[in-house]
Amino acid sequence: MKEYLENVFKKASENLDYLNEINLQFSVPQQKGFGDFSTNAALMLSKKLKKNPREIAREIIDNLPVEKEIIEKIEIAGPGFINFFFTPDFVASIVPEVLNEKELFGKSNAFAGKRAIVEFVSANPTGPLTVGHGRNAVIGDTVARLLEWVGYDVTREYYFNNAGRQMRVLGESLKFRYLQELGEEVEFPEDYYQGGYITEIAKKLVEKHGDGIKNEPAEGIFKQVAEAEIFEDIKKTLARIGIEFDEFFNEHSLYESGKIDEVIQKFKEMNLTYEKDGALWLRLTELGNEADKVIIKSTGEPTYRLPDIAYHTTKFERGYDLIVDLFGSDHAATYPDVLAAVKALGWDVSKVKVLIHQFVTIVQGKEVVKMSTRKANYVTLDALIDEVGADVVRYFFNMRSMTSHLNFDIDLAKKQSDENPVFYLQYAHARISSILRMVAGEGIEAKVDNIKLLTTEAEQNLLKKMWQFKDEIFNAAVNFEPHKVAAYLEELAAAFHKFYTDCRIIGSPKKLAEARMSLALASKHLIKSGLTLLGISAPEKM
RNA sequence: GCGCCAGUAGCUCAACAGGAUAGAGCAACGGCCUUCUAAGCCGUAGGUUAGAGGUUCGAGUCCUCUCUGGCGUACCA
């Protein structure tokens, strides 16, 4: 429908020059009486042309070469909106299209041949993933799925750091627990990792080695084992919600490959560094940022900023057309520095899209739970999945815009898992599957010969909703807004449930039954596509 | 102090580049199962979009100020 309007307006613009001067917008009006599509073109032009918008609207309409078989009625409404009403026959014509393309319907090749990298999660292996990481993981994976949907070849990458102070502390924490398991009296420092998972790993070490490694340094086997075990755990958790990474990028490799030195060298050549107080500073003020920052500490160790910069240059060197970084608002302050530095190194940072999601506030009853891996005060993502299931977790994190803070009441989540809207979507899919099973014995097939019979309000509304599918998903993808998919799917499912209640298939005259069956089947394909994009299962039975 | 994100129904959140009467779900109340799954459908109630100014045909959306919350503001990551 939208494509049709765009075409018609294009033809009209041959007569009306001014149509080329504005960005034409077609939208689906919220109010029913305002037609299937609406444009505010006349309103946008009125100031420019200094003319009454309703007169402009009239002129536009007179120049639109519309066909009667497709557009039933065009109205000028309110201050000058132009509202379009499509014919029921044309509305129904989407069914054969969907049935032809099935679950490929609505896919776009707008970005075919382009490569994208989405970096997300990127939690260091110091402990299990928390509910907070869950939001990042789910949004990141869904963004990746959406980019694939519009044609990108997508790499999912997890960046991690297994060096530095926190990992040293982790190794030492494990060694302490190990010694405790052996029965030795050691006082466990308060600022070490308190989580029970460390003790679990320690028990494994005792089983495997007895006291044979008690004199090994914490930096050695203890750190290695802790990291390996924790990483396995993280991967398992992610797999439970359908997330698999293509690459795990170790920060340390940047040192081995000489990338870090190379970057420092370039900065020095560009005279972007200076030494002060024994540290090496980067002249970020010269690049337009607020303050210069240390990139190498007086101890000789780099700050996180330096490897971050080097890491991003590798993303460019690997030839990606789109570089997506997703992280929580606590990291929001660091990326301007990284981007400025990468830009100074000559890369086109307009390829980088930084997505920042707000935090998940965990509430239990009325208490706010402050999450800290170090203090072992957190709710793991695993525990949440155990409690409510993978589909609910995926849906929950997908259904809200990432820019808003999210209050997560654990007690409520458990209580409401029965009422979660995800079941509403899945139920629609299961219902259609059920009809398909029932109908098999009745000799009713999904046939598109008589789709013109789909004229009731419920049928037409469902059909119109299906027309929006392609645009809605496309917009969600290019704007990096997974929650739009969820919102649209709820509308689609609602339209289907209404159709299901109002329009019987079994028991209707054969031609009508077949037409309705084709509509139901088409709905099934779209609901399944949507659920798959969100990473949620589409059950045949519930 | 400064910077970023937010404040919308009792609760959790939507509202597509400013568009028409601000919408859903949950919670509340009232209806609908002898026919394809009632995890559904229909209806009622619920709002000065934190507050005050401004911009214009038109503001939840843009600008200014105030209030409230989250996150930053390191030679931590």
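Every heavy atom of this structure was used, including side-chain atoms; hydrogens, water molecules and symmetry mates were not. Naming convention: chains lettered A, B, ... in sequence-line order (proteins, then strands); numbering from 1 in each chain.
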Base-pairing mate for [N] - Watson-Crick or G-U, with both contacts under 3.5 Å:
N: rG3(B); value: rC71(B)
N: rG40(B); value: rC32(B)
N: rC16(B); value: none
N: rG47(B); value: none
N: rC11(B); value: rG25(B)
N: rC62(B); value: rG54(B)

Where the side chain of [X] is defined as all heavy atoms beyond and including C-beta, which of [options] is the nearest nucleotide?
X: Y424(A); options: rU37(B), rG40(B), rC16(B); value: rG40(B)
X: Y427(A); options: rC5(B), rU37(B), rC75(B); value: rU37(B)
X: Q358(A); options: rG70(B), rA20(B), rA77(B); value: rG70(B)
X: K297(A); options: rA20(B), rC76(B), rC5(B); value: rC76(B)
X: T303(A); options: rG19(B), rU37(B), rC76(B); value: rC76(B)
X: S434(A); options: rC36(B), rA39(B), rC75(B); value: rC36(B)
X: F359(A); options: rC75(B), rC71(B), rC41(B); value: rC71(B)
X: H331(A); options: rC13(B), rA77(B), rC41(B); value: rA77(B)
X: I506(A); options: rA77(B), rU37(B), rC36(B); value: rC36(B)
X: R504(A); options: rU37(B), rC16(B), rU35(B); value: rU35(B)

NA contact type, [X], heavy-atom cut-off 4.0 Å: base, sugar-phosphate, or nothing?
X: A332(A); result: nothing
X: N161(A); result: sugar-phosphate
X: T403(A); result: sugar-phosphate
X: M438(A); result: sugar-phosphate
X: Q166(A); result: sugar-phosphate
X: E472(A); result: nothing
X: N23(A); result: base
X: K541(A); result: base
X: E275(A); result: nothing
X: L406(A); result: sugar-phosphate
X: H483(A); result: sugar-phosphate
X: A77(A); result: base
X: T334(A); result: base
X: N52(A); result: nothing

message: Going by the glycosidic torsion and a 90 degree boundary from 0, is the base of rC67(B) oriented syn or anti?
response: anti
How many Å lie between [atom1] on [X] and [atom2] on [N], as a whole number?
X: E481(A); N: rA14(B); atom1: CD; atom2: C1'; answer: 11 Å
X: D292(A); N: rC75(B); atom1: CG; atom2: C1'; answer: 14 Å
X: L43(A); N: rG18(B); atom1: CG; atom2: P; answer: 14 Å
X: R168(A); N: rC76(B); atom1: CZ; atom2: C1'; answer: 12 Å

When rounded to the nearest Å, what value does the distance between [atom1] atoms of [N] and [M] take?
N: rC65(B); M: rG3(B); atom1: P; result: 9 Å
N: rU48(B); M: rA59(B); atom1: C1'; result: 14 Å
N: rA45(B); M: rA9(B); atom1: C1'; result: 11 Å
N: rG7(B); M: rU49(B); atom1: C1'; result: 10 Å
N: rU21(B); M: rG58(B); atom1: P; result: 13 Å
N: rG60(B); M: rA15(B); atom1: C1'; result: 8 Å
N: rG43(B); M: rU61(B); atom1: P; result: 31 Å
N: rA17(B); M: rU55(B); atom1: P; result: 26 Å

- prompt: How far apart are the closest heavy atoms of L339(A) and V349(A), and which atoms are they?
  reply: O-CG1, 3.6 Å
- line: Note: P53(A) and P79(A) closest approach over all heavy atoms is CG-O, 3.3 Å
field: Within 45° cone of F397(A) ring axis and under 6.0 Å: R135(A) NZ or CZ
entry: no
query: Is K2(A) positioned over the aromatic face of F26(A), cation under 6.0 angstrom from the ring centre and no more than 45 degrees off axis?
result: no
- prompt: Ring-on-base stacking between F81(A) and rA20(B), under 5.5 Å between centres and under 30° between planes: is it there?
  reply: yes
message: Quick check, does F34(A) stack with rA20(B)? I mean ring centres under 5.5 Å and planes off by under 30°.
response: yes
If you go through the side-chain atoms of [X], does one of them form a donor-acceptor pair with the base of [N] closer than 3.5 Å?
X: N479(A); N: rA17(B); result: no
X: N420(A); N: rA39(B); result: no
X: S38(A); N: rA20(B); result: yes
X: D330(A); N: rG72(B); result: no
X: S298(A); N: rC75(B); result: yes
X: H405(A); N: rG7(B); result: no

Upstream residue (5' side of RNA chain B) when G278(A) and L436(A) are each assigned their closest nucleotide: L436(A)
field: Closest-nucleotide 5' rank along RNA chain B - winner of E490(A) and K484(A)
entry: K484(A)
Quick one: do the [X] and [Y] side chains pair a donor with an acceptor below 3.5 Å?
X: E247(A); Y: Y158(A); result: no
X: D292(A); Y: Y274(A); result: yes
X: D325(A); Y: H312(A); result: yes
X: Y395(A); Y: Q426(A); result: no
X: E172(A); Y: Y193(A); result: no

- prompt: Side-chain contact, heavy-atom cut-off 4.5 Å: T130(A) with V379(A)?
  reply: no
